[in-house]
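Letters A, B, ... mirror the listed sequences (proteins, then strands); counts begin at 1.
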There are 2 protein chains.
Amino acid sequence: MADQTICPKFEKALTIINKRWAALIIFQLLEGSQRFCNIESSIGVSGRVLSERLKDLEKEGLVKRTVYDETPVRIEYSLTEKGKSLKPVLQAIQEWADHSIDLNQND
Amino acid sequence: MADQTICPKFEKALTIINKRWAALIIFQLLEGSQRFCNIESSIGVSGRVLSERLKDLEKEGLVKRTVYDETPVRIEYSLTEKGKSLKPVLQAIQEWADHSIDLNQND
DNA sequence: ACACTTACTTACATAAAGTAAGTTAATAAC
DNA sequence: GTTATTAACTTACTTTATGTAAGTAAGTGT
């Protein structure tokens, strides 16, 4: 790949949040910390990909995995500060969607 | 797929702009209308995918393809109003990238 | 006539995502 | 005390998307 790179930070940001499901996962976690199966059913992602994506997002420091050592163990995923700082981005998408998306237009 | 759908407009917006290269293409076109080979070399996308993506974006009404009937023909791609209305979204990403992305952190 | 450019398309290879079943650990139900 | 159920994954396999490279058609330049 040539990689002429317009703006490296912008491009790297896209490799993180432009991955399939990443934005929806973060959108969902903006509501508060949640369990694996809850995210899975809320956004309709497969467990296989959710597992993979949560690891990516954790590695990027956007998501935190917390194990509550009760019986049975409870595991919750939440946004870090860096993750929460994406809120304006998702809000901008939401606003754009609200005034520019026509759900009846099927392609 | 279950498709529990959080917000259908938001999800549809993501299927458009979250496709690989779509955001970068629009980012690039915010600078003004451009030719195929210019977009190709600026963002490092392959001709195969650029061709496909430009058609998607045209179908979604974000991009306009204009043929200038000179000799040889010149074909330029530009943003429609709907495409330009994505600017705040890309700006939000840019701002987030500027203060949250660390280029040295390699994963 | 021959090489070069633009805007693509086609054929093929690799990577990412979807589907479904399996695993481990714990608890609840019969 | 076997059987069933739930949570959080993982594994194996299939389908889809993307990358790579070569090819095409129309025109220009030498």
Side-chain angles (χ1 to χ4, degrees), chain A residues 1-5 11-12 14-29 32-60 63-79 107, chain B residues 1-5 11-12 14-29 32-60 63-79 107:
Chain A
M1 217 190 298
D3 248 293
Q4 282 286 104
T5 260
E11 289 196 21
K12 184 165 181 198
L14 285 182
T15 65
I16 299 170
I17 60 173
N18 228 14
K19 277 196 164 181
R20 190 122 74 169
W21 299 109
L24 268 179
I25 291 167
I26 291 162
F27 186 81
Q28 183 67 18
L29 288 178
S33 73
Q34 275 164 72
R35 308 181 69 167
F36 190 93
C37 66
N38 184 245
I39 304 171
E40 194 176 5
S41 59
S42 306
I43 66 177
V45 64
S46 71
R48 197 201 138 286
V49 174
L50 180 55
S51 171
E52 190 178 300
R53 204 60 22 136
L54 284 170
K55 276 177 197 159
D56 295 344
L57 293 172
E58 214 189 327
K59 205 154 77 178
E60 295 297 341
V63 163
K64 190 176 43 166
R65 182 182 191 268
T66 311
V67 180
Y68 295 94
D69 210 355
E70 315 164 343
T71 48
V73 267
R74 184 165 49 99
I75 294 164
E76 295 216 330
Y77 294 90
S78 57
L79 294 178
D107 324 81
Chain B
M1 218 190 301
D3 248 293
Q4 283 287 103
T5 261
E11 289 196 21
K12 185 166 179 196
L14 286 182
T15 65
I16 299 171
I17 59 172
N18 228 14
K19 278 196 164 182
R20 189 121 78 170
W21 301 109
L24 269 178
I25 291 168
I26 291 163
F27 187 82
Q28 183 68 17
L29 288 178
S33 72
Q34 276 165 71
R35 307 182 68 169
F36 190 94
C37 66
N38 185 245
I39 304 171
E40 194 176 6
S41 59
S42 306
I43 66 177
V45 63
S46 71
R48 196 201 137 290
V49 174
L50 180 55
S51 171
E52 190 178 300
R53 202 65 60 218
L54 284 170
K55 277 176 197 160
D56 295 345
L57 293 171
E58 214 190 325
K59 205 154 75 178
E60 295 297 340
V63 164
K64 188 176 46 169
R65 182 183 191 266
T66 311
V67 180
Y68 294 94
D69 208 356
E70 314 165 341
T71 48
V73 267
R74 185 165 48 98
I75 294 164
E76 296 217 330
Y77 294 90
S78 57
L79 294 177
D107 324 81

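- For the salt bridge (charged side-chain N to carboxylate O under 4.0 Å, His left out) test, no residue two or more places apart in sequence or in another chain qualifies with A:Lys64.
- Sorted by first then second residue, the salt bridge (Lys or Arg N to Asp or Glu O under 4.0 Å) pairs that include residues 35-50 of chain A, not counting sequence neighbours, are A:Arg48-A:Glu52.
- Summary of the strand contacts: A:Pro72 and A:Arg53 both lie near DNA chain C, and taking for each the nucleotide with the nearest heavy atom, the more 5' one is attributed to A:Arg53.
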>> Each nucleotide in nucleotides 5-12 of chain D should get exactly one letter: B, S or -. Can you fill that in based on protein heavy atoms under 4.0 Å?
In response: --SSSBBB
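- Side-chain nitrogen and oxygen atoms of B:Trp21 include at least one within less than 4.0 Å of the OP1 or OP2 phosphate oxygen of D:dG19.
- Residues meeting the side chain to side chain contact (heavy atoms under 4.5 Å, CB included) test with B:Glu58, sequence neighbours left out: B:Arg65.
- Using a 4.5 Å heavy-atom threshold, the side chains of B:Val45 and B:Leu24 count as separate.
- Atom CD of B:Glu70 and atom C1' of D:dT28 are 14 Å apart (whole Å).
- With sequence neighbours excluded, the residues satisfying side chain to side chain contact (heavy atoms under 4.5 Å, CB included) with A:Ser33 are A:Glu76, A:Ser78.
- Spacing between atom NZ of A:Lys19 and atom C1' of D:dT18 amounts to 14 Å, rounded to whole angstrom units.
- The side-chain heavy atoms of A:Leu50 and A:Phe36, taken from C-beta on, include a pair separated by under 4.5 Å.
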